[in-house]
Amino acid sequence: MRYLPKSPADRGAMLESIGVGSIDDLFAPIPAEYRLTRDLKVPRQMAEAEIVDWFRERSRENGDNYAATFLGAGAYYHYRPVLIDALVSRGEFFTAYTPYQAEVSQGTLQAIFEFQTMISELTGMEVANASMYDGSTAATEAVMMAARLSQRRSVVVARSVHPEYREVLSTYATHQGMSLLTLPYSESGRLDLKELERAITQETACVLIQSPNFLGTIEDVGAVAELAHRQGALLVVSIAEAVSLGILEPPRQADIVALEVQSLGVPLGFGGPYCGVIATRQQYVRQMPGRLVGQTTDRNGKRGFVLTLATREQHIRREKATSNICTNQALMALMATIFMTIYGKQGLAELAKQNLAKAAYAAEQFGKHAKVLFPGAPRFHEFVVQTGEDPHAINNRLLGHKIVGGLPLKKFYPELGNAALWCCTEMTTRTAIDTAAGFISESERSGKSAPETDVEEVAR
Amino acid sequence: MRYLPKSPADRGAMLESIGVGSIDDLFAPIPAEYRLTRDLKVPRQMAEAEIVDWFRERSRENGDNYAATFLGAGAYYHYRPVLIDALVSRGEFFTAYTPYQAEVSQGTLQAIFEFQTMISELTGMEVANASMYDGSTAATEAVMMAARLSQRRSVVVARSVHPEYREVLSTYATHQGMSLLTLPYSESGRLDLKELERAITQETACVLIQSPNFLGTIEDVGAVAELAHRQGALLVVSIAEAVSLGILEPPRQADIVALEVQSLGVPLGFGGPYCGVIATRQQYVRQMPGRLVGQTTDRNGKRGFVLTLATREQHIRREKATSNICTNQALMALMATIFMTIYGKQGLAELAKQNLAKAAYAAEQFGKHAKVLFPGAPRFHEFVVQTGEDPHAINNRLLGHKIVGGLPLKKFYPELGNAALWCCTEMTTRTAIDTAAGFISESERSGKSAPETDVEEVAR
Amino acid sequence: MKHPTRKATRHVSQNEGLLFEKSSPGKMAWKLPPLDVPEVDTKRLLGDSQRTALGQLPEVSEIEIIRHFTRLSTWNYAIDLGMYPLGSCTMKYNPRVNEVVARLEGLANGHPYQPEKISQGALRILKTLSECLLEITGMDAITLQPAAGAQGELTGLLMVRAHHQTKGDPRKKILIPDSAHGTNPATAATVGYAVENLKSNAQGMVDVSALSAQMNQEVAALMLTNPNTLGVFEQEIHKIADIMHAKGGLLYMDGANMNALVGKVRPGDFGVDLMHLNLHKTFSTPHGGGGPGSGPVAVKQFLEPFLPWPVVITKADGTLGLDYNRPRSVGRVRAFYGNFGMFVRALAYIFANGPDGLRQTTEDAVLNANYIRKGLEGAYDLPYPTPSMHEVVFSDKLQAKKGVRTMDIAKRLIDYGFHPYTTAFPLIVPGALMIEPSESEPREELDLFIEAMRSIAEEVEEDPEMVLSAPHTTRVSRLDEVTAARNPVLRWKPQG
Amino acid sequence: MKHPTRKATRHVSQNEGLLFEKSSPGKMAWKLPPLDVPEVDTKRLLGDSQRTALGQLPEVSEIEIIRHFTRLSTWNYAIDLGMYPLGSCTMKYNPRVNEVVARLEGLANGHPYQPEKISQGALRILKTLSECLLEITGMDAITLQPAAGAQGELTGLLMVRAHHQTKGDPRKKILIPDSAHGTNPATAATVGYAVENLKSNAQGMVDVSALSAQMNQEVAALMLTNPNTLGVFEQEIHKIADIMHAKGGLLYMDGANMNALVGKVRPGDFGVDLMHLNLHKTFSTPHGGGGPGSGPVAVKQFLEPFLPWPVVITKADGTLGLDYNRPRSVGRVRAFYGNFGMFVRALAYIFANGPDGLRQTTEDAVLNANYIRKGLEGAYDLPYPTPSMHEVVFSDKLQAKKGVRTMDIAKRLIDYGFHPYTTAFPLIVPGALMIEPSESEPREELDLFIEAMRSIAEEVEEDPEMVLSAPHTTRVSRLDEVTAARNPVLRWKPQG
Ligand SMILES: Cc1ncc(COP(=O)(O)O)c(C=O)c1O
Ligand SMILES: Cc1ncc(COP(=O)(O)O)c(C=O)c1O
């Protein structure tokens, strides 16, 4: 087998030096009755060329030749500068372990320190950790952290938070005896502040909102923060689209920010690996989950970096740890670090502005033919369009033109009827927007409303 | 501009420290009347994404989705193990210069030393150089080297040497006052030995043959060597398909071997960059062109490698140098080194054997319908097929099935009529062979012989 | 260095500051294509939500970025550079073809919500990998959703809980051996269980009679690592399973050490009810300096209804789809379908190996560990003489007499050109040296390792200070972790 | 080190033997797909031509190959690690996007003989690059075929020869300034010309009156590097051209130093008849540890008929094609069409820059060289005080008094974390230090370089032995080149 660096002679000599007659002697501790005496039924050993071919075929079956996509909803298609893969493909980065041994891991450690710094700047928080699994678990762990900090067990969640994030929160919270109260969005697509005021009590550990939220609207973070803080509750803000922070005021009033950084240079990759991160105030850092890198000095006073505050973590604190997380998403955090470095202060603002402009144009074009919901609040690069016809049907026709339409929302928000969430980024060309607008216009003009059963479920 | 690491402030401060008022002061030595006062008319600065898109478009126009190719003729489509690009993409390799400063270039130097060793082994020669531009210039320079060694000026060349190699030789030889005599191939597709015997004289510096030759046949190197050596001429053997050496006896009787190593892991790349190399006997090394790496020791007796025997080269010897070559094809030599390491002793033999088997099968299938020329001599993985119809026409139909047919030979060997040179490698599937055989059979059965003028010139 | 090593030398290495220290206004590494839609008035669109300042993000050029991260990278040790014998981490070769296939256009750019009809490739990968992992573990059903081992544990314990709840018997406790990894108790706590410690016996295995005594109707499951963190196979695994099952408890296996078992024995065959795998250990996906990982959970049939949603199904028309309609499911543990990129890599690894390669891999991993064990016996204390599988745990008992502890030996190993082993784990071995070579080490590298470790043992006798003050060959000397934790500096700030 | 540097430190570095020393029968890194056609009897097919033994090719596994070449790579200095101020080499940033586009399927796998109708993409690249280079040089026609600068020179001189021959006036000599690169005279000799040296004047420029005197009907051309190898622009270029043209000679320009001119001045505008470019210098294609390069030759219209075949043409139907029907052509200088992969990269570089970027690049290159010159004045002898363009040449005159020569200073520079400059070239400067920073260096790196060079100058005064015995920080100390040349060991051989 080509990955194994041994010749038959090597194996023989090693067995001899160990003092056993055969390799099976080393497996003697396994009770004989359980030992496998047959080959595993997995595909036969394949040549490299065969492996590449097999996956190429899968890639082709997976829409590798689509011209445009209007899908967002927590996973965003941005341009990934080629520097990212060029750098993360260096073996010294991607084949290294967690930097436990600082003296031979300064590369990873310094890069994480830079990540923590940039995320702090981007979110307007004081500190950030080294990463969480993704945006959904970051939001969930942020809520747990808020519960520990506030010593309270009730959580108020906006319904405009990503539905799958809410599902994850619910999974985790259920078994911790925490109660979740989900609040509706208002006419403007924002969390209903009146409902919120009523819902928050002295028992409320925190309020969880997302901004821009799942419906594309930007929440009034200041107002929510005030209502939360008035009752001693913390505010946790989840952000699924990190590029938005290039042009949107960060949620400085929040106590904890849970960010998904996929859009900063991490491939869409059919949903993962992505990279969550938690940022917060300095004072809360000892309740923060996840790894942290800190600056220190060596014996000669030279600057260096180490993993620190490990007493929060499972390998030291075991059942009393702030989280069970161990392996995290370091390589994706490195991708994001490189992405943020490439765009920098100016570029990130310009990038976000292009996203804003593309979506504004698209909303305007679509709005000529169909209803763009929630016009009352500002948005970044996603918006909800309501059509007469089921959006699955429109999308099916668009697919024929190699364009993937917006995400039909019926599954998550049935009350919105024939609505879909459309997203534009710097990758969305005017041509694609105009084409999609054409299909929507045609659908509306012909007054189509195909029965849903005829339509393939094009979004899950 | 994103490649330039300067801020406006940096530039200002630097000008100030130099003591000039503006950048244009530094360009004062250029007479004013010649200075360009307008923008160059080249495309405007493009974003990285635009650049990628532009070349993607070109890639698509360049047959990026073809299922199979039967083209060989000096450029061979073999599988390139992914390790090659993973390793040569390390900046330490591809962004380094020629290893002039040995103490900070041991990586490149050791790799070249390994290349020289493997090429020596592969060709059956004693020493090999660090690389030449390609197979054609390697053959040409080998002939020049033979002329220096023999102190003679006449060269005998087999017509079965790659036509473009012969063109290059002719270009170089013309202005050196060397005479070239081109000898025909015999019935078997090999150099006509009787003609050779007659042609070689005491004036003959060397005989140049290629094996396997351009027509796919393996030359009788021993017999040619004997005839050459009998008259004190040297034998230069050009090898365009290095993979053949996995299963073919190397030309040990040759004095100089000029090899093209493209097929050892270098991409087809529309003809370049490829990588030539010259191998020879130890005693001839001081007349060898190109760079050489030698083993030595440092001040503590530790093994190390350096560029050596530089007194042969242009930067020391100027007009008396063995060649004008300076920059060579180091990175391609590294690719070949990695390729040879991956396949190794056993793998290279097996690889060559698969090539042999594929071509044998194809020749058998094609031979059922059309005439396979030169059956009298052994061949490796190329063979000439003669059809009733112009092969351009058959190829045109095959193209419609995303298969690129063999190379029509009329341009190079008009005497062969409707002949084409077909090549199979380990990449050629049985399906592709059967499909092509089907088209040939169909062509022959329908007795087609379309007038050539109707047919697009599908090969150049 | 007293004992010179054949393994490493010192060489000139580039310094590099923080990115922020290289930043200067107007430098840039980006350019956007011209905007093809009308410009917008940001203020008008965003009002108060408009951001005015982007803080301290750096401004640098492309070449500076290449150099910055290239230089940083050269300060790291990595599998690509040499043996990385971290016990419990299975640092094996990360095949390059995995990286290539994971970056294929349709896989790297697939959107998780794209229509099923253009997602058949990705779904096929999920399905094929699932089938392979089930065959390898001997289990019946699987979820690929968990992002890492710890989240696999969590998913597993949620299913344990759901199982007991469904039976109307919500239990309270999880038994965990004292040798277990920290994520085990941390996970149990996260799921709301009380953790009860299980003491190991003198062989480093589960004390079966103690287990018998501790096992009762309150216990939901035993979380067992097998081979355990000493690298020891639980030989009485059948008894353990029986004890658990007899009292309605489940046997959860932490599969972090599957590299000792693949192709040789299947947990599903020896009584395990559910388990997680670490694709980033056993199945060669790269660690990436700390992640990503992937922690699929495989279960026996009776637990299948509790798997997180969605699950991959074959639809009536033969195409693949995702089923969200799973009323008894524990729910979702992360957004989308898991760390898909790792599935691609793990499957490519399985393809490259085939059944024969997988078995040989396991055999070589065990061979390597035993070779090291043999090579170091005598020089280091072996607290548990029980046969080793894929890793071996020594202690610093002999060296501690000279005041040298496992961490010191680890640091000194760096000077010999190696990444250290795992220190101070498992907790049942005071001063542990936990060594896992994996199958990826040639004999040559193992010999150098043994030579280095023996040389250090001699140094401890002759010149302990040399070891205590190690490393001596790195660009920074030993770093002050205490101050780092006492006054945490977790981000760069502009001077002044 | 007496004067510590901020630029570099020492760090642990892996040793690695030769591949052959790791080989063991039965190890492998390859696997072929199953053969889908019948097996063949090799002996029957090949007879005596069958090979029986493959010699000493190594047998190793994949992980060993990755480690071998990764370890080797870490022993190299590279542009990606820092400034690489080799004069005359233009070591600039090699953009990563170039590498990506050069590897696109249709370009990387395009066969040189594939039908024109599926080669339109490649031909379009040839054409677009040709147009850009013609605009940049101010010339009329171009060939991209030459594989490197030296082959460009050869192609150019062949055209010079063809030009004179066509006129029935085959000339015999080429004039070459004494400051020229070795390839110039070597090429002239290869083409069968006699070389006549042209002495530089006190400013390091062509001595115009000497040129006048030497120029006659025997002289085919002057090969001029401009700026020349001292980094000096030939200010009397118009006179030089006039002198050549007046006597029927041609002005050939070695364009190795085009990085000083692009976007600021065009050789075609100042009297050059033909010239070559080095895409691997001016146009950012990577040097690859010694190649590949690419040396296009651009000419004035009257030389167009002599260009090597084939040339790209636009056909009647608007598609592109290759024209081989070139009766007056000098012929072919290599197989196929040149180093196509380098064309892709060079064009990507031009696209990334645009007209403004190209000009700014040139300005920054000249700015950097002058900044270094200013920074080192006084510390090192400047033999020619003429203004510098993109590079500056000092001499070791001051240091030679202490017995320290340019090569010693170069080796010491390694300890300061830099790759040395070019030593001992051009020949007109005894003990030359030829420094070309290129535009890719940030001010920070230039300051460190100046600091290092000044520090070395001080060391020469205080402790010359420190410099003479340098480098001190590399994994090997100074290597014995004399023995290497005397007893050449050019390949590994098995022991015994
Ligand atoms: C035995 C054991 N269990 C669990 C884990 C946790 O796995 P992960 O880091 O993937 O969350 C580890 C990881 O080191 C481990 O070694
Ligand atoms: C001035 C000059 N001319 C010619 C050459 C030769 O170019 P190449 O190495 O591409 O053949 C060089 C290369 O260093 C050079 O510096």
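Proteins come first, then strands; the chains are lettered A, B, ... in the order of their sequence lines, and each starts at number 1. Predicted model, so just to flag it, every value in this text is computed and none were measured.
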- request: Sort Val52(B) into side chain, backbone, both or neither according to what part of it lies under 4.5 angstrom from a heavy atom of chain A.
  value: side chain
message: Only heavy atoms, only distances under 4.5 angstrom. Which residues in residues 103-111 of chain A are near chain B?
response: none
field: All pairs passing side-chain hydrogen bond (donor to acceptor under 3.5 Å, both in side chains) where residues 69-79 of chain B contributes a residue, at least two apart
entry: Glu48(A)-Tyr79(B), Tyr76(B)-Glu382(B), His78(B)-Glu241(B), His78(B)-Glu426(B)
- line: Most heavy-atom pairs under 4.5 Å with chain B, out of Arg80(A), Glu92(A), Arg2(A), belong to Glu92(A)
